[in-house]
Amino acid sequence: MRKITIIGAGHAGLQLGIGLLGQGHEVTIVSNRSKEDIAQGKILSSQSMYNMAVALEREQGLLFWDEACPPIEGMHVRAGNAEAGVMVDFRTRMPAGQSVDQRLKIPRWMDEFERKGGTIRISDVGIAEAEALAAQCDLLLVATGKGELGKFFERDDERCQYSSPQRLTALTYVHGMKPREDFGAFNINVNPGIGEFVHFPGLTLSGPCDIINLECILGGPMDRWTDVKTPEQHLALTLELIHEFFPWEAHRFTNVKLTDNNGILVGAVTPTVRKPVGTLPSGRSVLGIGDIHILNDPMTGQGSNNASKGATRLMKAITAHGNRPFDRDWMQEIAQDNWNNAQWSARLTNTMLNPPAYVLNILGACQGSPKLAQALAAGFNDPRTMADWYFDEQGAEHMIASCAEAPAAA
């Protein structure tokens, strides 16, 4: 048994903490928000999760919403504009994923963590508190970048593509959306030079819903959120932008309403990679996990998936380490392993934010190649599968050609 403390009760911290309890370790999680604070607060994210990450949660017995949550069973990509209409249009099935409002998931996981014997402390953590926690445990993990602790994790300039936000993201949870006639899908709509409109089914406090993610290019025609002050104004502008820039989807939104007044969020994220091994003033090392290491724009939905995959890998690594000290060398090794796996999600997201010509060619070719469309969807589920074809022009050309030669599997 090792004594482990995790600062932050988000997706990564809780999944890891519950997993470590199951491995026989003593685990404390420190959160600055109670279960009630989270359940009664604003939405935290869009958290579209693909099958690979969902399966990891299922293995840990953490999928409590299988019966209630509508599945995400495929991907539908369209690109165009109001003048020309839809110019790219393809869809493909994929193994089922799901999206559960974190206002449901996090409090339920906190209950499960305590039921399994974990300790939750509700407290803000600054430098002094972190030092005290580090002195009392074998391993201190930081799963939040807020407050004083964030400054201990330096930006990794060599691995960062952007130094500023590329989109203003507006999230909206709604009821009453007209359902698709085929399957629940992760829908990606692209209006080049304007922004993206992503939506998919999910589960929220009041039942099944649809989650809208408007990705607005900063300073562009969709960047109109400065004067939005109320939930009603938020919904009205969301529908206005859909009708104006994605009219092919507008008919599905004629009777929608907000799930609740807290089902909205607007913000901008700078895609960032940090050096996840930090040093406290005492010289003790701490390991950052989840978004503190790799923070993606939400467009491709990789954040929660990375949290689940990373937590699973780290849980196994901690247990495999036995009674040896969790020193800085071990932390660096773990951080490198996480980067080796998760870098492809960052590259996928960054490429979608500013797609080079060859990526646009991939999307165009998917329209006539079910096999290529399946490969793209598989890459959202596990971006590592895209490593040898999606990220350079030559690889993309070879993949397009090979998929054109062979029909998709039945």
Side-chain angles (χ1 to χ4, degrees), residues 2-21 23 25-35 37-38 44-45 47 49 53 56-57 60 62 102 105-110 112-114 116 118-127 129-134 136-154 269 272-280 284-296 302-318 326 330-331 334-335 337-339 341-342 345:
R2 310 303 297 275
K3 188 172 184 179
I4 298 164
T5 299
I6 304 169
I7 301 172
H11 188 137
L14 278 166
Q15 186 172 345
L16 174 61
I18 293 169
L20 290 172
L21 290 172
Q23 299 289 322
H25 302 291
E26 180 183 343
V27 187
T28 298
I29 290 179
V30 185
S31 172
N32 67 343
R33 301 180 70 190
S34 69
K35 290 177 286 190
D37 291 335
I38 295 168
L44 301 173
S45 67
Q47 73 280 314
M49 296 194 66
L56 295 174
E57 293 184 2
Q60 282 189 238
L62 294 175
Q102 291 196 358
K105 177 177 276 190
I106 298 303
R108 179 66 179 84
W109 280 9
M110 292 172 83
E112 184 70 3
F113 177 79
E114 291 183 307
K116 288 181 174 292
T119 300
I120 292 179
R121 292 172 47 189
I122 307 301
S123 175
D124 289 319
V125 177
I127 298 173
E129 293 81 4
E131 289 281 21
L133 291 170
Q136 297 165 9
C137 65
D138 298 309
L139 175 63
L140 179 63
L141 302 166
V142 178
T144 176
K146 296 179 180 179
E148 292 181 317
L149 295 183
K151 69 181 182 181
F152 290 115
F153 302 96
E154 302 175 38
V269 172
T272 305
V273 180
R274 295 183 179 88
K275 298 176 181 179
V277 180
T279 306
L280 296 171
R284 292 189 176 93
S285 296
V286 294
L287 178 63
I289 65 174
D291 285 349
I292 196 69
H293 186 189
I294 302 170
L295 177 64
N296 289 319
Q302 294 297 318
S304 293
N305 293 274
N306 279 346
S308 181
K309 296 169 187 176
T312 301
R313 285 193 301 271
L314 182 54
M315 174 190 69
K316 294 177 179 178
I318 288 172
F326 296 109
W330 178 85
M331 292 183 185
I334 293 301
D337 179 64
N338 188 55
W339 172 251
N341 285 275
S345 72

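Not measured: the values here are computed from a predicted model.
- Using a 4.5 Å heavy-atom threshold, the side chains of Val273 and Trp339 count as touching.
- Residues Gln60 and Trp109 have side chains not in contact (no heavy-atom distance under 4.5 Å, counting atoms from C-beta outward).
- Residue Ile4 holds its CD1 atom at 4.5 Å from CD1 of Ile318, rounded to the nearest 0.5 Å.
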| task | Go through the steps to decide whether Gln136 and Thr5 satisfy the test side chain to side chain contact (heavy atoms under 4.5 Å, CB included), and finish with yes or no. | result | CA-CA 9 Å; Gln136 297 165 9; Thr5 299; over 6 Å; no
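- Residues Asp138 and His25 are not in side-chain contact: their nearest non-hydrogen atoms beyond the backbone lie 4.5 Å or more apart.
- Here the side chains of Asn338 and Ile294 are in contact, with some heavy-atom distance below 4.5 Å.
- In this structure, the side chains of Asp337 and Arg313 come closer than 4.5 Å at one or more pairs of heavy atoms.
- Side-chain polar atoms of Ser308 and Gln15 form a donor-acceptor pair below 3.5 angstrom.
- Tested against Asn32 for a side-chain contact (heavy atoms from CB on, under 4.5 Å), the candidates Asp124, Val125, Thr144 yield a single pass: Asp124.
- The line from NE2 of His11 to CE of Met49 is 4.0 Å long, rounded to the nearest 0.5 Å.
- Here the CD1 atom belonging to Ile120 is positioned 6.5 Å from the NZ atom belonging to Lys35, to the nearest 0.5 angstrom.
- Atom CG of Leu20 sits about 9.0 Å away from atom CD1 of Ile29, to the nearest 0.5 Å.
- Annotation for Phe113 and Val27: closest pair CZ-O, 3.5 Å, computed over non-hydrogen atoms.
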| task | Apply side chain to side chain contact (heavy atoms under 4.5 Å, CB included) to the pair Leu44 and Lys105, showing each step before the final yes or no. | result | CA-CA 11 Å; Leu44 301 173; Lys105 177 177 276 190; over 6 Å; no
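- In this structure, the side chains of Leu140 and Ile7 come closer than 4.5 Å at one or more pairs of heavy atoms.
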| request: Please report the C-alpha distance between Asn296 and Ser345 in whole Å, then the side-chain angles of each, then the deciding distance to 0.1 Å, and finally whether the side chain to side chain contact (heavy atoms under 4.5 Å, CB included) criterion is met. | output: CA-CA 8 Å; Asn296 289 319; Ser345 72; 3.4 Å; yes
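- Here the CG atom belonging to Leu14 is positioned 9.0 Å from the CG atom belonging to Leu62, to the nearest 0.5 angstrom.
- The two residues Ala311 and Leu16 make their nearest non-hydrogen contact at O-CD1, 3.6 Å.
- Residue-environment remark: CD (Glu154) stays at or below the threshold of 12 foreign heavy atoms within 6.0 Å.
- Across all their heavy atoms, Ser31 and Ala9 have their closest contact at CB-CB, 3.6 Å.
- His293 places none of its side-chain heavy atoms less than 4.5 Å from the side chain of Phe153.
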| Trace of the side chain to side chain contact (heavy atoms under 4.5 Å, CB included) decision for Leu314 with Leu141 | CA-CA 11 Å; Leu314 182 54; Leu141 302 166; 4.3 Å; yes
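- In this structure, Ala143 and Gly8 approach most closely via the heavy-atom pair CB-O, 4.1 Å.
- Counting all heavy atoms, side chain and backbone alike, Ala53 lies closest to Asn305 at CB-OD1, 3.4 Å.
- In this structure, CD in Glu57 is found 8.0 Å from OG in Ser304, a value given to the nearest 0.5 Å.
- Considering all non-hydrogen atoms of both residues, Gly290 and Ala12 come closest at CA-CB, 4.2 Å.
- Between Ile127 and Phe152 there is a side-chain heavy-atom pair separated by less than 4.5 Å.
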